[in-house]
Chemist: 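Structure incoming, see below.
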Amino acid sequence: MKYNEYKDLNYAQLEADILEFWEENQIFEKSISSREGKKTFTFYEGPPSANGMPGIHHVMARTIKDIFCRYKTLKGFQVKRKAGWDTHGLPVELKVEQQLGITKDDIGKKISVEDYNKECRKTVMQFTDIWSKLTQKMGYWVDMGNPYITYHNDYIETVWYLLKKLHEKDWLYKGYTIQPFSPKAGTGLSSHELNMPGAYKDVTDTSIVAQFKVKRSERSEFLFENNDEDVRILAWTTTPWTLPSNCALAVGEKITYVKVKTFNAYTHQPISVILAKDLISKHFSDKAKDLKLEDYKKEDKLIPFEVVQEFKGSDITEVRYEQLMPYVTNEELEKNAFRVIPGDFVTTADGTGVVHTASVFGADDYRVAQQNNVPPVLVKDEEGNNVPLVDRQGKFVKEVTDFAGLYVKAEYEENPEAVPEYKSTDVLISIKLKTDNKAFKVEKYKHSYPHCWRTDKPILYYPLDSWFIRTTAAKDKLVQLNHTINWKPESTGTGRFGNWLENLVDWNLSRQRYWGIPLPIWRTEDGKEEECIGSVYELYEAVEKSIKAGLMQENPVGEFENIKEVKTDDDGSTLLSADVISAYFKRKNFDLHRPYVDDIVLVSPNGKPMYREQDLIDVWFDSGAMPYAQLHYPFQNKDMIDERDEFPADFISEGVDQTRGWFFTLHAIAGMLFDSVAFKNVVSTGLVLDAEGRKMSKRLGNAVDPFETMDAHGADTTRWYMISNANPWDNLKFDIEGVKEVSRRFFGTLKNTYSFFATYANLDEFDYSQTEVPVAQRPEIDRWILSKLNTLIKQVDGFYDDFEPTKAARAIQTFTMDDLSNWYVRLNRNRFWKTKLNDDKVAAYQTLYTCLETILKLASPVMPFMSEALFLDLNKVSGRDQSESIHLTTFPEVNEDIIDTDLERRMTLAQKLSSLTHSLRKTAKGNKGIRVRQPLQKIIVPAVDATTQSQIEAVKDLILAETNIKDIEFIGDNSDIVVKSIKPNFKVLGKKYGKDMKKVQGIVNAFNKDEIATIDSTGTLSKDGFDFVAEDVVIVSEVKEGHSVASDPDEALTVILDETITEDLRKEGIARDFVNRVQNLRKDAGMEVTDKIGIVFNSTDELVKDALKTHHDYISTETQALSLADQANIEGGETLEIEEFTLTVKIEVLANVENN
RNA sequence: GAGCUUGUAGCUCAGUUGGUUAGAGCGCUACACUGAUAAUGUAGAGGUCCGCGGUUCAAAUCCGCGCAGGCUCACCA
């Protein structure tokens, strides 16, 4: 059997073949089943949301996941990895609405909730195909056959169970807050969603400095000079649409305010305005400061102003003003609103130092209004509920007559361009205020404003009823548990995540949507009684009670059959036996989604009807519940969690953007309910940017299609590039050129090395059936590469274990390219050409085979395809490993006995000396250089210690062969061409002398020849009051000027080249050149390596003739020539030039060994 | 505005507990080598280690203040 030889390697094709092989032979399944009963390594897959196309960054994230799962499998662990789909939530709903051409308003009108959710369910999985393809193509092993799906009833049941646990601890409560609300999406947004990258955007809004007219009263009297004075308080806002809802003005009690006499820029009326002293310059031009009020004409651009009064904020609190936009008012408002109140958050960084307060549209506003007993501006809707002046679509209600039905932000308009002379509400309000003498200044203002991550539209702060998880109650525990997690990189855990935990706020769980997990809480209308349902069976029983009470006719939850006993677990939850549960869920006869659960009315302990709270829960809770819900805990697989088999995870990995997302929700639920971390190790990956470092986005058109990339260059090379280029937690500037480079350099080298092996092993029919040549009996260079190999195993194992894939990949790459290919193989080529398969050749094959096989195993977590292909190729012939696949093997074990640091140093010396010699050849003969084919007599290595000398002696042959030199001569450091210089060893002396270092440095540098000799030989010397010992100084031997030398500073190695070319050397050089030319002729003629040839030549030069005659045997062997003859007239010969000589040569094939 | 993070050659990145000539690969230039050949070797050019200050005998490395990029947070009027 032959080793597979690759001519043109097509990575994509190779990968497709391997995928087929995995598929057919169920290799992934076996990688788990073959580890049955072994220690488990638990991995959680963060569920991708099944509603978008995968991008190249998913390849990154999944490569990391895959690497460690594969690594741990090789290390003998059983690594189950269940895929999952995040199926609920807004993205899906928006997609459906887009597909059906409806908006949220239409739900329940044009389309029933039932049909709507059916659509969602259908849509949700429409991307799974493409995701499965990506998963497969990139070689990510995860169990796609049996994924957890968040909309399944069993998943929901576990979530309900968890919510009930929180409810029991009083960690689930209903509250009223001002929250970010997305009118376009029709839902409140959690802080997580506001944290989505790009949520905060710089936008330019119309900002208005409004004039609030002060009412005269005892409190405000001091502000008025006379009866006619028009005194206005200036307040700035970037949200003009909140002005009709203004209910108060907040000032800083300690801030200094001033009254300024001036004119209104739009109406030109004289006014007096109040603002913070610090901000005068922002609103009045410095150039106008000398203008007189009485000179003002309305055409003037510069408006004069005069500061006439100064006072503290506390002096004007409780001052009342006229409602700015009096659309809605009532007795309560007239009594308690429209006054100046103190606000601790007021600053003079911006605006006027007076904050316009609309309590229903700002969290701070709400708080400060409450504290000061300022009522909100509200109206009654059709059902008689109090609602704000802006409805949930973001439109003004009818009471705001001038703007009724208008969107408060232009961005909500479907198609504003279509409206002739469209003006945004902001602008309309500005115009109105200007006309009414209520606007002091209107201008565009650029600031950062939060946007809805899905609709891309600005959010509003809006009053909403919500359910919260009291995460603040568990803050200390969560912080504490976080310290036990191994974060990669550490700073994400301690810094980013740690700070987030320190500043934790309660988790807003409510979503006003349709497609998601319903909050399992039923309440009486007065809100005094409520029940949280923790399982389907509990719901079933509750409905039964309700039927008895006459509130329900029948039980939609379905039947539970064969209930023998109902257990109650420690905290009161009812648990049925697993078979009852599984029988029930197999039937799937009731859907726990809306609208079905909404139809259920339960009965309260006091006999009142209880209705379900309408909210759905935050989808982040879905995914945070994944460790338990994927197992349908505790209804099934209870032990897996309780006995800590599949919990917590040993390892998870997601993008750093999940810090406040999945990482947090996992952590919060595990900490609050299971008193445990949810994961022990976490790798948070950075962003994948484009080659210029910009974020990839569809809009910019710079998104990289993972399929295209992998089709063109292969998944392995893409994976390797991503891992080896930079640490996964650093942002990756994805450059396709980098992928190509990896492909060309590393993969090319690996392939070449394999091909080299395969070519010759096939010729020799080497199948590793020969007895293993003991390592100790192999040549020095074999033992060297094996030593390096074992060092590599140790390193790589450590790197993987530390979750440092980049270091692992780089180490493998360096070994493969530098040590194995460019040194071992290059230096040993002739061992493989030898005709006979003797011990030495077998050792060479075995060594190279071992290296290849080991590299493949080490690299297989990162490059699963290529490693598999080459492993199978090797193993198919040798049958050395019983494993069916490289991914079913075990990780190479380091053999410490083979690691020989002394040998590694010897080889380093050989490499350095060779390199130095090459560089000397280059500059020899006055920079003309002496080509390597020209043999030279010797190199001289001066002044090395005895150990180094003996080490060099040991690798002498290698150096000589590599550099085409005949001999190495060592000369002692007492030779007269060597001079010694000395310099201080800063590290040692610095510790000893500290401040005196400068002085000591001077003394050491001033050592004369004798002093250097003394400390070199005796090891001690005293000078200028300092005692030096050998380790205090570094003595370097250098060659005197006038010699051509090269030296290596690290090793204190110096080489001198003997440039003399004797006639013998000259002839030998000619012979080697001749061989080279003949080889080229062979190649040009397309001859096989095994062809035997005859050579005839003709030269007029005696030296050439002589050279070829002298080296007849050498030439014959090298060129596989059976004859080499001097012949006068050669027909059809080639003219060759060697140095200054010309000769004619002709070669012909005489025989082919293989054909004989 | 705050937290975290990054800043080293044209590009992508190393650089250990601070130690005196700051490295690699790619790219570029030149030369060489050539039965692994779309490979390889040698050399060259290329650096304000983001800036400024400080600590220290000694700073790419430690500290402070800035600048620039990235991510995240923030009720910001």
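Letters A, B, ... are given to chains in the order of the sequence lines, protein chains preceding strands, and every chain is numbered from 1.
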Chemist: Using the C1' atoms only, state how far B:rC49 lies from B:rG18, rounded to an integer number of Å.
Modeler: 15 Å
Chemist: Taking the six-membered ring for Trp, are A:Phe832 and A:Tyr760 parallel (under 30°), tilted (30 to 60°) or perpendicular (over 60°)?
Modeler: tilted
Chemist: A:Asn752 side chain N/O closer than 4.0 Å to the phosphate oxygens (OP1, OP2) of B:rA38?
Modeler: no
Chemist: Does A:Tyr754 have a side-chain nitrogen or oxygen under 4.0 Å from the phosphate oxygens OP1 or OP2 of B:rA36?
Modeler: no
Chemist: Using the P atom in both, what is the distance from B:rU42 to B:rG27, to the nearest Å?
Modeler: 15 Å
Chemist: Testing A:Val360, A:Val374, A:Asp365 for side chain to side chain contact (heavy atoms under 4.5 Å, CB included) with A:Cys247, which one passes?
Modeler: A:Val374
Chemist: So, does A:Tyr721 get its side chain near the phosphate of B:rU12, meaning an N or O under 4.0 Å from OP1 or OP2?
Modeler: no
Chemist: Applying the Watson-Crick and G-U wobble criteria at under 3.5 Å, what pairs with B:rC13? Answer none if nothing qualifies.
Modeler: B:rG23
Chemist: Taking pairing as Watson-Crick or G-U wobble with both contacts under 3.5 Å, can you name the mate of B:rU40, or confirm there isn't one?
Modeler: B:rA32
Chemist: Show each protein N/O and nucleotides 1-3 of chain B N/O combination with a separation under 3.5 Å, one pair to a line.
Modeler:
from: B:rG3; atom 1: O2'; to: A:Asn499; atom 2: ND2; distance (Å): 2.3

Chemist: For A:Arg745, give me all partners under salt bridge (charged side-chain N to carboxylate O under 4.0 Å, His left out), at least two apart in sequence or on another chain.
Modeler: A:Glu741
Chemist: Under the rule for side chain to side chain contact (heavy atoms under 4.5 Å, CB included), what residues qualify as partners of A:Ala276, not counting sequence neighbours?
Modeler: A:Ile255, A:Tyr257, A:Leu279, A:Thr348
Chemist: Within the pair A:Asn725 and B:rC13, is there a side-chain N or O less than 4.0 Å away from OP1 or OP2?
Modeler: yes
Chemist: Output the single nucleotide from B:rG19, B:rA36, B:rG41 whose closest atom is nearest the side chain of A:Asn822.
Modeler: B:rG41
Chemist: Excluding sequence neighbours, so at least two apart, what forms side-chain hydrogen bond (donor to acceptor under 3.5 Å, both in side chains) with A:Thr239?
Modeler: A:Thr237, A:Thr242
Chemist: Apply salt bridge (charged side-chain N to carboxylate O under 4.0 Å, His left out) to A:Glu737 and list each qualifying residue two or more places apart in sequence or on a separate chain.
Modeler: A:Lys740
Chemist: Tell me, for nucleotides 23-30 of chain B in 5' to 3' order, what letter each nucleotide earns: B for a base near a protein heavy atom under 4.0 Å, S for only sugar-phosphate near one, - for neither?
Modeler: --SSS---
Chemist: Which residues pass the ring-ring contact (aromatic ring centres under 6.0 Å, His included) test with A:Trp241, not counting sequence neighbours?
Modeler: A:Phe361
Chemist: My understanding is that only residues two or more places apart in sequence, or in another chain, count here; which of them pass salt bridge (charged side-chain N to carboxylate O under 4.0 Å, His left out) with A:Arg1077?
Modeler: A:Asp1073
Chemist: Is there a donor and acceptor pair closer than 3.5 Å between the side chain of A:Ser821 and the base of B:rA36?
Modeler: yes
Chemist: Roughly how many Å apart are B:rU29 and B:rG46, using the C1' atom of each and rounding to a whole number?
Modeler: 11 Å
Chemist: Under 3.5 Å for both donor-acceptor distances, Watson-Crick or wobble: does B:rA59 have a partner, and if so which one?
Modeler: none
Chemist: Output the rounded distance in Å from CD (A:Glu490) to P (B:rC4).
Modeler: 13 Å
Chemist: How would you label the contact of A:Arg810 with the nucleic acid (heavy atoms, under 4.0 Å): base, sugar-phosphate, or nothing?
Modeler: sugar-phosphate
Chemist: What is the base-pairing partner of B:rC65, counting Watson-Crick and G-U wobble geometry with both distances under 3.5 Å?
Modeler: B:rG51
Chemist: Which label fits A:Phe497 and A:Trp487: parallel for a plane angle under 30°, tilted from 30 to 60°, or perpendicular past 60°?
Modeler: tilted
Chemist: How far does the C1' atom of B:rG15 sit from the matching atom of B:rA22, given to the nearest Å?
Modeler: 8 Å
Chemist: Grab the N/O contacts between the protein and nucleotides 55-57 of chain B below 3.5 Å, and write none if there aren't any.
Modeler:
from: B:rC57; atom 1: OP1; to: A:Lys995; atom 2: NZ; distance (Å): 2.8
from: B:rC57; atom 1: OP2; to: A:Lys995; atom 2: NZ; distance (Å): 2.8
from: B:rC57; atom 1: O4'; to: A:Gly994; atom 2: O; distance (Å): 3.2
from: B:rC57; atom 1: O4'; to: A:Lys995; atom 2: O; distance (Å): 3.4
from: B:rC57; atom 1: O2'; to: A:Lys998; atom 2: NZ; distance (Å): 3.4
from: B:rC57; atom 1: N1; to: A:Gly994; atom 2: O; distance (Å): 2.9

Chemist: With sequence neighbours excluded, what pairs up with A:Asp1032 under the salt bridge (charged side-chain N to carboxylate O under 4.0 Å, His left out) test?
Modeler: A:Lys992
Chemist: Give me the distance, rounded to whole Å, that separates B:rA14 from B:rU8 when you measure between the C1' atoms they each carry.
Modeler: 10 Å
Chemist: Would you please name every residue forming a ring-ring contact (aromatic ring centres under 6.0 Å, His included) with A:Phe440, sequence neighbours left out?
Modeler: A:Phe284
Chemist: For a quick test of reading the model: is some side-chain N or O of A:Arg829 closer than 4.0 Å to OP1 or OP2 of B:rA36?
Modeler: yes
Chemist: Looking at residues 729-738 of chain A, who's got a heavy atom less than 4.0 Å off RNA chain B?
Modeler: A:Asn731, A:Lys733
